Amino acid sequence: MLDNSRLRIALQKSGRLSDESKRLLAQCGIKINLQEQRLIAFAENMPIDILRVRDDDIPGLVIDGVVDIGIVGENVLEEEVLDRQAEGEDPQFKKLRSLDFGGCRLSIAAPRDFEYTGPECLNDLRIATTYPHLLRRYLAQYNVNFKTCLLNGSVEVAPRAGLADVICDLVSSGATLEANGLKEIEVIYKSKACLIQRQGEISPIKQALIDKIMTRIQGVIQARE
Ligand code: PRT
Ligand code: ZN
């Protein structure tokens, strides 16, 4: 077991948020020796342990109180919250702040020749996505029913492969959609990376450390603006 007196921070191990997450902690003065294959890393100059996991696991680790704080995309966080709520849970956590990286949007995209006049056009279509709950919440506003094709990767090839009519996936530059003959027709959620803390009691020492990190993050982000 990890030492419970040390602050536990969950970061994405490798992916679009990992470099910026590491850089942010480094700029806050936290010295971490990250060895590529290790799940856990220890800060040399502060009582902090870093857990390096898949981004999808971070909201659950915070909500379940396994780690004290975590950095994750709001898209992944919100989907996890909706998923747990659908299971009858009441997931709790504190959002400490949005961060200045990981910006993207979750959008519905259709083959270029699709004639789109509004969300109603999507009624009864099959939509490929990794984010079924965010998609359902959005389309419910328009009373649109749809069938899902759940994919954790390669979502953009689903229409061409005949698996789905349209997709709902993350977009940043739009190049992936373009390369797959798709056009963005509806932005359903705008996301950035954010810092979250577990709910519940925390030792004064750990809380003081979180407060110190928050003050430093504020300074780092302000200096970048
Ligand atoms: O292995 P692990 O599960 O940890 O990582 P992952 O592969 O699930 O996630 P990863 O590293 O791709 O993304 C982590 C987080 O980065 C996401 O949850 C978002 O919060 C954020 N983010 C920001 C993005 C993008 N931009 C992004 N463009 N995540 C994914 N993409 C993908 C998108 O899915 C599509 O395939 O990039 C492609 C589109 O990019 P453009 O530039 O061509 O539009
Ligand atoms: Zn992931």
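What you are looking at is a predicted structure, and each value in this text was computed from that prediction instead of being measured.
Residues Glu78 and Tyr131 have side chains that never bring a donor and an acceptor to within less than 3.5 angstrom of each other. Judged purely by distance below 3.5 Å, without hydrogens or angles, the side chains of Glu184 and Ser107 pair a donor atom with an acceptor atom. For the 3.5 Å distance criterion, the side chains of Asp211 and Gln207 qualify, holding a donor opposite an acceptor. Side-chain polar atoms of Gln92 and Asp90 form a donor-acceptor pair below 3.5 angstrom.
With a 6.0 Å radius and a threshold of 12 heavy atoms from other residues, nucleotides or ligands, Lys31 has its NZ atom at or below the threshold. Within 6.0 Å of atom CD1 in Ile205, 12 or fewer heavy atoms from other residues, nucleotides or ligands are found, so the atom counts as exposed in its surroundings. For Arg112, the CZ atom sits in a packed shell: over 12 heavy atoms of surrounding residues, nucleotides or ligands are nearer than 6.0 Å. For Glu44, the CD atom sits in a packed shell: over 12 heavy atoms of surrounding residues, nucleotides or ligands are nearer than 6.0 Å.
Ion pairing between a basic and an acidic side chain is recognised when a charged N comes within 4.0 Å of a carboxylate O; Glu74 and Lys190 show no such pairing. Under 4.0 Å is where a charged nitrogen must lie from a carboxylate oxygen, and between Arg84 and Asp64 at least one such pair does. For the pair Lys147 and Asp124, the salt-bridge criterion is not met [side-chain N within less than 4.0 Å of a carboxylate O]. We find that Asp49 and Arg6 are joined by a salt bridge, their nearest charged nitrogen and carboxylate oxygen being less than 4.0 Å apart. Between Arg54 and Asp57 there is no salt bridge, since no side-chain nitrogen of the basic residue lies less than 4.0 Å from a carboxylate oxygen of the acidic one.
Remark: side-chain polar atoms of Asn75 are not paired, donor with acceptor, to backbone N or O of Leu106 under 3.5 angstrom. Judged purely by atom type and a 3.5 angstrom limit, Gln12 uses its side chain to pair as donor or acceptor with the backbone of Leu17. With hydrogens and angles disregarded, no donor-acceptor distance shorter than 3.5 Å links the side chain of Ser21 to the backbone of Leu11. Side-chain atoms of Lys183 come within 3.5 Å of backbone N or O of Phe114 as a donor-acceptor pair. A donor-acceptor pair under 3.5 Å is absent between the side-chain atoms of Arg8 and the main chain of Ile48, judged by distance alone. Looking at Arg198, its side chain does come within 3.5 Å of a backbone N or O of Glu201 through a donor-acceptor pair. Here the side chain of Gln197 pairs no donor or acceptor atom with the backbone of Asp68 at under 3.5 angstrom.
Minimum interatomic distance between Cys28 and Arg216 (heavy atoms only, all atoms of both residues): O-NH1, 2.6 Å.
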